[in-house]
Participant: 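Quick one: the structure is below, questions incoming.
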Amino acid sequence: MKVKYLTEDGLLLLKNNSKSLFKEVVNGKKTLDEYFEDNSYIKESPIEVDDITLAMNAPDGKESLTDAENVQRVYGHMKHLTDSQASDERIWVAFTLGYFLNYMKYRWKTDDDKDMLNKYFFNYSSQRSLFRNGIARLWWIGRVTYDENRDDQYELTKFICGDQDFIETICGRNIFNNPMVMKATITAMYDANKKGHTMNRELVREIGKYVNLLGGTYIIDFLDYEVIYKKVENYINEHVGE
């Protein structure tokens with residue numbers, strides 16, 4: 001299939017009519033095409049991907065258990081997107097309200113139109129939105145955890161998806177705009193966890209704060225992967241013991 005995207009006018013129309021969109025599409029039975037009536041708001045890009053079927057087999061309340069598998073399916077089929085393309089709200093909203101609407105209703109149940117804007121659109125800062133939009137987050141988690149040099153290329157993916165707080169705390173901070181910085185941090189956390197250092201919520205939050213402080217001390221984008229990894233590793237060792 002070809003990746004679709006919304007026009008700017010189409011995106012604005014949806015946001016300005018969020019209440020009816022929620023009622024008729026997200027909480028109703030209309031498709032996005034039926035809601036628009038005018039198909040000029042949805043365009044086809046030249047980007048082609050194989051059809052993607054997402055896992056939706058977790059029991060109620062445990063839907064996050066399918067995240068690691070769905071990251072692999074989305075990123076595995078769409079890893080050829082550039083970071084710029086994958087940062088475009090118009091692409092992901094076309095997915096959340098179109099091709100993956102049933103998945104969104106399964107994974108991100110919404111109470112009202114404001115909740116819908118948070119989960120279906122980019123309603124936060126640019127960095128945070130990438131990991132809050134219900135489909136963009138699957139691609140971006142893959143982007144920062146996929147490692148072709150590992151026997152299990154999605155080893156880090158399974159680790160970070162094991163606790164939703166890891167995603168919120170690490171992936172949502174502006175300091176992690178650079179995927180390399182995020183991957184070095186996640187890898188240091190994963191390796192420490194393998195050594196027996198439990199990555200609990202409090203420690204992960206402190207790691208996020210620490211890397212944020214690094215950004216105030218250094219121009220962090222100038223640091224090598226190994227330097228960031230080592231600094232995070234040392235920080236973990238200092239706070240949990242060797």
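Fair warning: this is a prediction, and the values are worked out from it, not measured in the lab.
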Participant: Any pair with a residue in residues 44-65 that passes side-chain hydrogen bond (donor to acceptor under 3.5 Å, both in side chains), sequence neighbours left out, goes on the list, sorted by first then second residue, please.
Facilitator: Glu63-Lys109
Participant: Specify whether Tyr75 and Tyr154 have parallel, tilted or perpendicular ring planes, treating 30° as the upper limit for parallel and 60° as the lower limit for perpendicular.
Facilitator: perpendicular
Participant: Where the side chain of Trp139 meets the backbone of Met78, is there a donor-acceptor pair that is under 3.5 Å apart?
Facilitator: yes
Participant: Ignoring hydrogens and geometry beyond distance, is a side-chain donor-acceptor pair present between Asp9 and Thr7 at under 3.5 Å?
Facilitator: no
Participant: Would you compute the distance between atom CZ of Phe122 and atom OG of Ser87 and round it to the nearest 0.5 angstrom?
Facilitator: 7.0 Å
Participant: Say whether, by atom type as modelled, one donor and one acceptor occur between the side chain of Asp147 and the main chain of Gln153 under 3.5 angstrom.
Facilitator: no
Participant: State, to 0.1 Å, how close Trp92 and Ala86 come at their nearest heavy-atom pair, and which atoms those are.
Facilitator: NE1-O, 2.8 Å
Participant: Just so I know, are the side chains of Asn193 and Met189 near enough to count as touching, which here means a heavy-atom distance under 4.5 Å?
Facilitator: no
Participant: Regarding Tyr106 and Thr66, do their side chains bring together a donor and an acceptor under 3.5 Å, going by distance alone?
Facilitator: yes
Participant: Could you check whether Glu202 pairs with Arg205 (Lys NZ or Arg NE/NH1/NH2 to Asp/Glu carboxylate O, under 4.0 Å)?
Facilitator: no
Participant: Does the side chain of Leu6 come within less than 4.5 Å of Leu32's, by heavy atoms?
Facilitator: yes
Participant: Going from NZ on Lys2 to NZ on Lys43, what distance comes out if it is rounded to the nearest 0.5 angstrom?
Facilitator: 13.5 Å
Participant: For residues Thr96 and Val93, report the shortest heavy-atom separation together with the two atoms involved.
Facilitator: OG1-O, 3.1 Å
Participant: Going by heavy atoms in the side chains, are Arg73 and Leu54 under 4.5 Å from each other?
Facilitator: yes
Participant: Can you check whether Leu203's main-chain N or O pairs, donor with acceptor, with Asn200's side chain at less than 3.5 Å?
Facilitator: yes
Participant: Quick check: Tyr124 with Phe131 (ring centres under 6.0 Å apart)?
Facilitator: no
Participant: Using side-chain heavy atoms (C-beta onward) and a distance below 4.5 Å, is Ile207 in contact with Met199?
Facilitator: yes
Participant: With side-chain contact (heavy atoms from CB on, under 4.5 Å) as the test, would you mind laying out the steps for Leu117 and Phe22 before giving the verdict?
Facilitator: CA-CA 9 Å; Leu117 288 171; Phe22 173 74; over 6 Å; no
Participant: Between Asp67 and Gln164, is there a side-chain donor-acceptor contact under 3.5 Å, judged purely by atom types and distance?
Facilitator: yes
Participant: A side-chain contact here means heavy atoms from C-beta on lying under 4.5 Å apart; do Ile170 and Ile186 qualify?
Facilitator: yes
Participant: Are Arg90 and Asp88 close enough for a salt bridge, meaning some N to O gap below 4.0 Å?
Facilitator: yes
Participant: Side-chain contact, heavy-atom cut-off 4.5 Å: Leu21 with Asn17?
Facilitator: no
Participant: How long is the straight-line distance from CE of Met182 back to CZ of Arg143, given to the nearest 0.5 Å?
Facilitator: 9.5 Å
Participant: Mind checking the CD-CD spacing from Glu233 to Glu238? Nearest 0.5 Å is all I need.
Facilitator: 11.0 Å
Participant: Using modelled atom types and a 3.5 Å cut-off, is there a donor and acceptor pairing between side-chain atoms of Asp112 and backbone atoms of Lys114?
Facilitator: yes
Participant: Evaluate the side-chain contact (heavy atoms from CB on, under 4.5 Å) criterion for residues Val71 and Lys158: first the C-alpha distance (whole Å), next the side-chain angles of each, then the deciding distance (0.1 Å), finally the verdict.
Facilitator: CA-CA 9 Å; Val71 167; Lys158 295 168 185 175; over 6 Å; no
Participant: Give the table of side-chain donor-acceptor pairs shorter than 3.5 Å for residues 97-105, with sequence neighbours excluded, one pair per line with atom names and distance.
Facilitator:
unit_1 : atom_1 : unit_2 : atom_2 : d
Tyr99  : OH     : Ile52  : N      : 3.3
Tyr99  : OH     : Ile52  : O      : 3.2
Lys105 : NZ     : Val25  : O      : 3.2
Lys105 : NZ     : Gly28  : O      : 3.0

Participant: Hey, quick one: are Ile135 and Leu65 part of the same hydrophobic cluster, counting side-chain heavy atoms closer than 4.5 Å, chains of contacts allowed?
Facilitator: no
Participant: Between Ser129 and Phe121, is any pair of side-chain heavy atoms under 4.5 Å apart?
Facilitator: no
Participant: What closest approach, in Å, do Leu130 and Trp140 show between heavy atoms, and which atom pair accounts for it?
Facilitator: CD2-NE1, 3.6 Å
Participant: Side chain of Gln127, backbone of Cys171: donor and acceptor closer than 3.5 Å?
Facilitator: yes
Participant: Determine whether Leu213 and Lys209 satisfy the following criterion, side-chain contact (heavy atoms from CB on, under 4.5 Å), listing intermediate values before the conclusion.
Facilitator: CA-CA 6 Å; Leu213 287 174; Lys209 292 178 183 177; 5.6 Å; no
Participant: According to a 4.5 Å side-chain heavy-atom criterion applied to Ile, Leu, Val, Met, Phe, Trp and Tyr, with indirect links allowed, do Leu12 and Val26 form part of one hydrophobic cluster?
Facilitator: no
Participant: Identify the heavy atoms of Ala188 and Val232 that sit nearest to each other, and give their distance.
Facilitator: CB-CG1, 3.7 Å
Participant: Tell me whether Lys15 at atom NZ has more than 12 heavy atoms from other residues, nucleotides or ligands lying less than 6.0 Å away.
Facilitator: yes
Participant: Once you round to the nearest 0.5 Å, how far does CD of Gln72 lie from CD1 of Ile141?
Facilitator: 11.5 Å
Participant: Would you please test Asp38 and Ser40 for side-chain hydrogen bond (donor to acceptor under 3.5 Å, both in side chains) and show each step?
Facilitator: CA-CA 6 Å; Asp38 180 354; Ser40 67; 2.8 Å; yes
Participant: Tell me whether the count of non-hydrogen atoms from other residues, nucleotides or ligands lying under 6.0 Å of NZ in Lys79 goes above 12.
Facilitator: yes
Participant: So, does Asn70 use its side chain to make a donor-acceptor pair with the main chain of Ala55 at under 3.5 Å?
Facilitator: yes
Participant: State the CG-OH distance between Asp33 and Tyr41, to the nearest 0.5 angstrom.
Facilitator: 13.5 Å
Participant: On a heavy-atom basis, which atom in Leu223 and which in Met180 lie closest, and how many Å separate them?
Facilitator: O-CE, 3.3 Å
Participant: Is a donor on one side and an acceptor on the other found under 3.5 Å between the side chain of Thr110 and the backbone of Met116?
Facilitator: no
Participant: Looking at Leu13 and Tyr35, what are the two nearest heavy atoms and their distance?
Facilitator: CD2-CE2, 4.2 Å
Participant: Are any non-hydrogen side-chain atoms of Trp108 and Asn118 less than 4.5 angstrom apart?
Facilitator: no
